Amino acid sequence: GAGGGTSAYTVELASDISRRFGVESLAHLTCVSSTREQVARVLAELKAHGVENILALRGDIPLEGPACEDYKYAPELVRDIKAQGDFCVGGACYPEGHPEAGGKINDIEHLKEKVEAGCEFLITQMFFDNSKYFDFVERCRKAGITVPIIPGIKPISTPKHLEILPRTFSVSLPEELVKAVRACGEDTQAAREVGIEWAIHQ
């Protein structure tokens, strides 16, 4: 569902990752690109292929065709998944606030709904300043959210990310990181190395 893509290859990819490479896979299912019938079918196929872990997301609005309306928000999808099998279900969270949540307080309340619906762990949106993650975890704990909160770390890999990431994902970039990447000019490899070092430091 990232960027409005669909989940057409979810089962194939998740099962191949587990079977061929021996790596525990995490299948992604999105609300906006799925009907209840599609979700039921995918869950049955995942179960048959031994895939037990699912990240339940609202997802981005599809680039082509209308969004499905069977599920409006991720908690509805989470409840449906939990009702159809013994899956370990995770959800997404946003240390800097979801752009559509209407404030960080509302964001935490929506997150509690996901956990109460059955999310057993959370994975954050990417962030580049660790203090934003730790502050977020503290707010979650104070609100009674006790499930594991896994930090989402993404290395910057091209100078274009300085423009793309804040605009597309509503994340902020520390000035120190911005300066280091800009100093690379158009040298993508150098910018990638800066991004990797920053991620390692995080």
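What you are looking at is a predicted structure, and each value in this text was computed from that prediction instead of being measured.
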Run the side-chain donor-acceptor check on residues 120-132: report pairs under 3.5 Å with partners two or more places apart or on a different chain.
{"residue": "Glu120", "atom": "OE2", "partner": "Lys82", "partner atom": "NZ", "Å": "2.6"}
{"residue": "Glu120", "atom": "OE2", "partner": "Val89", "partner atom": "N", "Å": "3.4"}
{"residue": "Thr124", "atom": "OG1", "partner": "Gly152", "partner atom": "N", "Å": "2.7"}
{"residue": "Asp129", "atom": "OD1", "partner": "Ser131", "partner atom": "N", "Å": "3.0"}
{"residue": "Asp129", "atom": "OD1", "partner": "Ser131", "partner atom": "OG", "Å": "2.7"}
{"residue": "Asp129", "atom": "OD2", "partner": "Ser131", "partner atom": "OG", "Å": "3.2"}
{"residue": "Asn130", "atom": "OD1", "partner": "Gln202", "partner atom": "NE2", "Å": "3.0"}
{"residue": "Asn130", "atom": "ND2", "partner": "Gln202", "partner atom": "O", "Å": "2.9"}

Would you give me the side-chain donor-acceptor pairs under 3.5 Å for residues 181-195, sequence neighbours excluded?
{"residue": "Asp187", "atom": "OD1", "partner": "Gln189", "partner atom": "N", "Å": "3.2"}
{"residue": "Asp187", "atom": "OD1", "partner": "Ala190", "partner atom": "N", "Å": "3.1"}
{"residue": "Gln189", "atom": "NE2", "partner": "Glu193", "partner atom": "OE2", "Å": "3.3"}

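Grouping Ile, Leu, Val, Met, Phe, Trp and Tyr by side-chain contacts under 4.5 Å, direct or through others, puts Ile200 with Ile196. Under a 4.5 Å side-chain heavy-atom criterion applied to ILVMFWY residues, the cluster that includes Phe21 comprises Ile17, Val23 as well.
Annotation for Glu116: atom CD counts as buried by contact number, over 12 foreign heavy atoms lying within 6.0 Å.
Note that CG of Leu29 and CG of Leu77 are 6.0 Å apart. Values are rounded to the nearest 0.5 Å.
Under the salt bridge (charged side-chain N to carboxylate O under 4.0 Å, His left out) criterion, no residue pair touches residues 23-33, with sequence neighbours excluded. Every pair passing side-chain hydrogen bond (donor to acceptor under 3.5 Å, both in side chains) that includes a residue from residues 13-23 is listed here, sequence neighbours excluded: Asp16-Arg19, Ser18-Ser25. Listed by first and then second residue, the salt bridge (charged side-chain N to carboxylate O under 4.0 Å, His left out) pairs that reach into residues 157-171 come to none, sequence neighbours excluded. Identified under the side-chain hydrogen bond (donor to acceptor under 3.5 Å, both in side chains) test for residues 42-51, with sequence neighbours left out: none.
For Arg36, the salt bridge (charged side-chain N to carboxylate O under 4.0 Å, His left out) criterion is met by Asp80, not counting sequence neighbours. The salt bridge (charged side-chain N to carboxylate O under 4.0 Å, His left out) search around Arg141 returns none, not counting sequence neighbours. For Ala199, the side-chain contact (heavy atoms from CB on, under 4.5 Å) partners two or more places apart in sequence, or in a different chain, are Ile153, Pro155. Scanning for salt bridge (charged side-chain N to carboxylate O under 4.0 Å, His left out) contacts around Lys142 gives Glu138, with sequence neighbours left out.
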